[in-house]
Amino acid sequence: MKKTTSIAQIYLNQTPFSITDLLATAAMIISAVIFFINPWFCIPLLASFIGLLLSRSAHVSDREYEKLLSHVLAFNTVREERQEGFEALYRFYEQGYLEKTGFTDFYLQGYDLGKGTVRCGDDKELRSGFYRLSHLQFTDTHCKLYTCEADVIAGTVCAERRIVALGEKPVITEQEITHSRGKKKIFYLVFPHCPPIPVQPDSAEMDEILSFFKK
């Protein structure tokens, strides 16, 4: 657990280049210039290069953080309890899609950028310490909502199950967040008495979901 917490916290709070990175890079450049003047100056150049490698090795990459999230989703008490519906959500997370047997099931996933620390990765993608997976299943009278949230720092997953009547229309709320590289508007699908679900409001899937509540 401590290792999971440490890696997640380092990732979410690290800067693209630390002070140690910058100092080691500066030392390497200066050593390289002197080395071309005096070849005997190779030891400081080598030392600064090794220092930069050691400094960058402490940097947690986007891929490492994604692997940590996958680990949390694969090994947690919700899955150990064989909670109904979790395996489908997990397959959806792994594959990015699920084959639909009808037009009444919808799966949503994404980082909750409105909670905790948000970091813009080296790949320019925004990530936070919380990731939500949701399954919405519609009947003629209501929507069955099953949603799971992974807390990457704590290394835990919690799940909630709700029944929402089709007469209780959800709303899409907007929020602006600030991160290290600027600002971004994020959106939530909000049902009464249910945890908000991160969504992209301009997607065709959202239009389909909302259409069930317009009857």
Side-chain angles (χ1 to χ4, degrees), residues 1-25 52-79 86 89-90 92-94 96 107-135 145-160 162 170-191 193-203 206:
M1 184 67 69
K2 286 185 178 180
K3 184 178 180 181
T4 298
T5 300
S6 176
I7 292 174
Q9 288 178 333
I10 289 173
Y11 177 82
L12 292 170
N13 292 286
Q14 71 189 358
T15 56
F17 290 96
S18 68
I19 294 177
T20 306
D21 292 341
L22 297 176
L23 290 175
T25 301
L52 180 60
L53 289 180
L54 291 174
S55 178
R56 293 304 294 171
S57 68
H59 182 88
V60 179
S61 68
D62 301 330
R63 185 177 180 184
E64 287 175 304
Y65 188 72
E66 294 287 349
K67 286 176 66 176
L68 178 59
L69 170 62
S70 296
H71 179 81
V72 172
L73 288 171
F75 302 97
N76 58 78
T77 55
V78 173
R79 195 177 193 192
F86 182 80
L89 280 179
Y90 183 66
F92 173 65
Y93 165 76
E94 285 192 308
Y107 291 88
L108 304 171
Q109 66 175 325
Y111 285 99
D112 188 343
L113 301 178
K115 292 182 66 175
T117 303
V118 175
R119 181 175 186 275
C120 185
D122 297 332
D123 58 2
K124 305 300 187 294
E125 293 292 327
L126 295 182
R127 296 176 179 84
S128 76
F130 299 90
Y131 195 88
R132 185 168 290 280
L133 290 160
S134 301
H135 175 208
L145 172 63
Y146 177 59
T147 182
C148 296
E149 181 180 77
D151 182 334
V152 188
I153 292 178
T156 58
V157 173
C158 61
E160 294 188 48
R162 293 284 189 274
V171 295
I172 293 182
T173 62
E174 179 182 324
Q175 181 180 334
E176 186 174 74
I177 62 166
T178 302
H179 56 90
S180 59
R181 300 191 184 185
K183 296 183 178 181
K184 180 179 177 63
K185 289 183 179 180
I186 61 174
F187 301 87
Y188 290 100
L189 177 65
V190 182
F191 294 95
H193 314 297
C194 298
I197 302 172
V199 296
Q200 297 296 328
D202 54 352
S203 68
M206 280 309 305

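Each residue takes its place number in the sequence, starting with 1. As a basis for the values below, the full set of heavy atoms in this structure was taken, side chains included, without hydrogen atoms, waters or symmetry mates. Since the structure is predicted, the reported quantities are computational estimates derived from the model, not experimental observations.
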Please walk me through it: do Lys184 and Leu126 pass side-chain contact (heavy atoms from CB on, under 4.5 Å)?
CA-CA 10 Å; Lys184 180 179 177 63; Leu126 295 182; 3.2 Å; yes
How far apart are the C-alpha atoms of His179 and Cys120, what are their side-chain angles, what is the distance that settles it, and do they pass the side-chain contact (heavy atoms from CB on, under 4.5 Å) test?
CA-CA 7 Å; His179 56 90; Cys120 185; 4.1 Å; yes
Val72 vs Val157, test: side-chain contact (heavy atoms from CB on, under 4.5 Å). Steps then yes/no.
CA-CA 7 Å; Val72 172; Val157 173; 4.0 Å; yes
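Side-chain atoms of Arg127 and Leu69, non-hydrogen and from C-beta on, never get closer than 4.5 Å to each other. With a 4.5 Å cut-off on side-chain heavy atoms, Thr147 and Cys194 do not count as touching. You'll find the side chain of Ile153 reaches within 4.5 Å of the side chain of Leu12, heavy atoms only. By the 4.5 Å heavy-atom criterion applied to side chains, Glu149 and Asp112 are counted as neighbours.
The aromatic rings of Tyr90 and Phe86 sit parallel, their planes meeting at an angle under 30°, below the 60° perpendicular limit. Aromatic ring pairs are classed by plane angle as parallel below 30°, tilted from 30° to 60° and perpendicular above 60°; the pair Tyr131 and Tyr111 is perpendicular.
In this structure, the separation between SG on Cys148 and CD on Gln109 is 12.0 Å, given to the nearest 0.5 Å. The structure places CD1 of Ile186 at 11.5 Å from NZ of Lys115, a figure rounded to the nearest 0.5 Å. Within the model, atoms OG1 of Thr117 and CD of Gln9 stand 9.0 Å from one another, a figure rounded to the nearest 0.5 Å. Leu89 contributes atom CG, which lies 12.0 Å from atom CD of Glu94 (distance to the nearest 0.5 angstrom). From Ile177, atom CD1 reaches atom NZ of Lys185 across 12.5 Å, with rounding to the nearest 0.5 Å. Taking NE2 of His193 as the reference point, atom CD of Glu160 lies at 13.0 Å (rounded to 0.5 Å).
Residues Ser70 and Tyr93 share a closest heavy-atom pair of OG-OH, 2.7 Å. Listed here is the closest heavy atom pair of Pro198 and Gly110: CG-O, 4.4 Å. Shown here for Val78 and Asn76, the closest heavy-atom pair between the two residues is N-OD1, 3.1 Å. For the residue pair Leu73 and Arg79, the shortest heavy atom distance occurs at O-CD, 4.2 Å. Summarising the geometry of Val60 relative to Tyr11, their closest heavy-atom pair is O-CD1, 3.3 Å, with the distance given to 0.1 Å.
Panel note: side chain Arg132, backbone Ile197; no donor-acceptor pair is recorded below 3.5 Å. Side-chain N or O atoms of Asp62 include none that pairs as donor or acceptor with a backbone N or O of Gly121 at under 3.5 Å.
Residues Arg119 and Tyr65 bring no donor and acceptor atom of their side chains to less than 3.5 Å of each other.
The 12-atom threshold is not exceeded at CD of Gln200, counting heavy atoms of other residues, nucleotides or ligands nearer than 6.0 Å.
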